[in-house]
> 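Supplied in structure tokens, the structure appears directly below.
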2 protein chains.
Amino acid sequence: MKPRYLNLPPGACVEVLDMLSRVGDKWAIFVIVGLSEGSQRFSELQRSIENVSKKMLTATLRNLERDGFISRTVTPTVPVRVDYELTTLGHEVLVPLEALANWAIDRRDVVRNARQAFDESHPAVA
Amino acid sequence: MKPRYLNLPPGACVEVLDMLSRVGDKWAIFVIVGLSEGSQRFSELQRSIENVSKKMLTATLRNLERDGFISRTVTPTVPVRVDYELTTLGHEVLVPLEALANWAIDRRDVVRNARQAFDESHPAVA
DNA sequence: CCGGATCCAATCCGATACTG
DNA sequence: CAGTATCGGATTGGATCCGG
């Protein structure tokens with residue numbers, strides 16, 4: 001394959017890294033996908049995302065809210081009800097994210113094979 | 001904005017997370033971009049990527065090699081010479097990555113403003 | 001129900017020193 | 001030159017208890 005030159009403005013790395021670490025947080029992608037089809041309550045998210053602790057879910061939601069990807073709505077009933085949903089920005093990011101996702105799924109076997117070959121030729125030190 | 005439904009196969013989250021953590025490692029993106037225009041030696045990479053330690057650069061290169069994104073070529077001169085370059089897979093991933101990057105740069109101000117607004121309405125506990 | 005506060009184990013990562 | 005080995009500080013993340 002011919003080299004494909006990256007056409008990026010200077011300083012792009014930092015931007016991309018910033019975005020990747022935001023959206024690539026262990027649980028962030030699950031939250032985004034979970035909210036992609038509509039708003040959900042805190043407890044709904046926690047149930048639908050396996051193995052996430054309240055602490056991590058809270059932190060993930062805070063970060064995504066802080067960066068403008070999701071909105072948080074408190075209904076002051078007793079007990080409290082809190083709903084989260086994607087903002088416009090949150091919906092927008094689904095586009096490039098979906099592209100990356102589809103590419104990843106498309107190439108999953110290539111990566112899996114590369115990994116296996118590497119591991120076989122680089123045995124653990126016993 | 002109308003909700004944009006994510007069109008992803010089941011189990012996609014794990015795939016995407018896997019990809020994001022591979023490529024979203026703190027230094028991986030710098031390596032990939034650094035190699036996007038041609039092969040580079042270990043020391044060239046280390047010089048061009050500010051503040052990366054040998055340990056981290058080595059680890060990053062190992063991971064990318066393991067997953068098939070880069071190749072490692074050893075020339076047994078004295079002293080040794082090691083060249084890294086993107087594989088076909090590595091060049092391919094630049095496409096969705098560039099899309100994400102451009103989106104991130106395009107929306108940088110939105111995110112920055114959201115962050116600032118959030119921080120102002122959520123003051124630190126003094 | 002939502003989430004903050006605290007404690008603790010595991011992991012990450014930089015600095016340093018050493019090797020082929 | 002291109003790593004590996006080791007140590008120690010910093011960060012992460014789960015578990016638990018508490019409060020609005």
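Lettering of chains follows the sequences in order, A, B, ..., and the numbering in each one begins at 1. Heavy-atom basis, side chains included; hydrogens, waters and symmetry copies ignored.
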> Quick one: list whatever passes side-chain hydrogen bond (donor to acceptor under 3.5 Å, both in side chains) with A:Asp106, sequence neighbours left out.
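Partners of A:Asp106 under the side-chain hydrogen bond (donor to acceptor under 3.5 Å, both in side chains) test: none.
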> Check side-chain contact (heavy atoms from CB on, under 4.5 Å) between A:Thr77 and all other residues, then give those that pass, not counting sequence neighbours.
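A:Thr77 satisfies side-chain contact (heavy atoms from CB on, under 4.5 Å) with A:Thr75, A:Arg81 only.
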> Take N1-N3 plus N6-O4 or O6-N4 for Watson-Crick, N1-O2 plus O6-N3 for G-U, both under 3.5 Å. Which runs of 3 or more such pairs involve DNA chain D?
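Counting only runs of 3 or more consecutive pairs, the stems involving DNA chain D are C:1-20 with D:1-20.
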> I'd like to check the side-chain contact (heavy atoms from CB on, under 4.5 Å) partners of B:Val78; sequence neighbours left out, ordered by chain and number.
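For B:Val78, no residue satisfies side-chain contact (heavy atoms from CB on, under 4.5 Å) once neighbours in sequence are set aside.
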> According to the salt bridge (Lys or Arg N to Asp or Glu O under 4.0 Å) rule, which pairs have a member within residues 48-62 of chain A, sequence neighbours left out?
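Those involving residues 48-62 of chain A are A:Arg62-A:Glu65.
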> What is the first contacted nucleotide of DNA chain D and what is the last, in 5' to 3' order, if contact means an atom lying under 4.0 angstrom from a heavy atom of chain B?
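With heavy atoms of chain B under 4.0 Å away, the range is D:dC1 to D:dC7.
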> Got a list of side-chain donor-acceptor pairs under 3.5 Å for residues 11-32 of chain B, not counting sequence neighbours?
residue	atom	partner	partner atom	Å
B:Glu15	OE2	A:Arg108	NE	3.4
B:Glu15	OE2	A:Arg108	NH2	2.6
B:Asp18	OD2	B:Arg22	NH2	2.4
B:Ser21	OG	B:Leu17	O	2.6
B:Ser21	OG	B:Asp18	O	3.1
B:Arg22	NE	B:Asp67	OD2	2.7

> With A:Arg41, which residues qualify under side-chain hydrogen bond (donor to acceptor under 3.5 Å, both in side chains), at least two apart?
none
> Starting from P on C:dC13, measure out to CG on B:Leu57 and report it in whole angstrom.
13 Å
> Tell me: CZ of B:Phe42 to C1' of C:dG20, nearest whole Å?
15 Å
> Which residues within residues 44-53 of chain A lie with some heavy atom under 4.0 Å of an atom in DNA chain D?
A:Ser53
> For the residue pair A:Val80 and A:Val82, establish whether any side-chain heavy-atom pair is separated by less than 4.5 Å.
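In short, these two side chains touch, coming nearer than 4.5 Å.
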> Among all residues two or more places apart in sequence or in another chain, which pass the side-chain contact (heavy atoms from CB on, under 4.5 Å) test with A:Arg66?
B:Arg115, B:Phe118, B:Asp119
> Tell me whether the side-chain N/O atoms of A:Arg72 come closer than 4.0 Å to OP1 or OP2 in C:dC2.
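No, outside the criterion.
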> Under the side-chain hydrogen bond (donor to acceptor under 3.5 Å, both in side chains) test, which residues partner A:Arg72, sequence neighbours left out?
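Partners of A:Arg72 under the side-chain hydrogen bond (donor to acceptor under 3.5 Å, both in side chains) test: A:Tyr84.
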> Would you find a donor on one side and an acceptor on the other, under 3.5 Å apart, between the side chain of A:Thr87 and the backbone of A:Ser71?
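Not at all, since once roles are kept as given, no pair shorter than 3.5 Å links the two residues.
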> When rounded to the nearest 0.5 angstrom, what is the spacing between CD in B:Glu85 and OG1 in B:Thr73?
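With rounding to 0.5 Å, CD (B:Glu85) is 6.0 Å from OG1 (B:Thr73).
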> What does the list of N/O pairs under 3.5 Å between the protein and nucleotides 7-9 of chain C look like, with a distance for each?
none

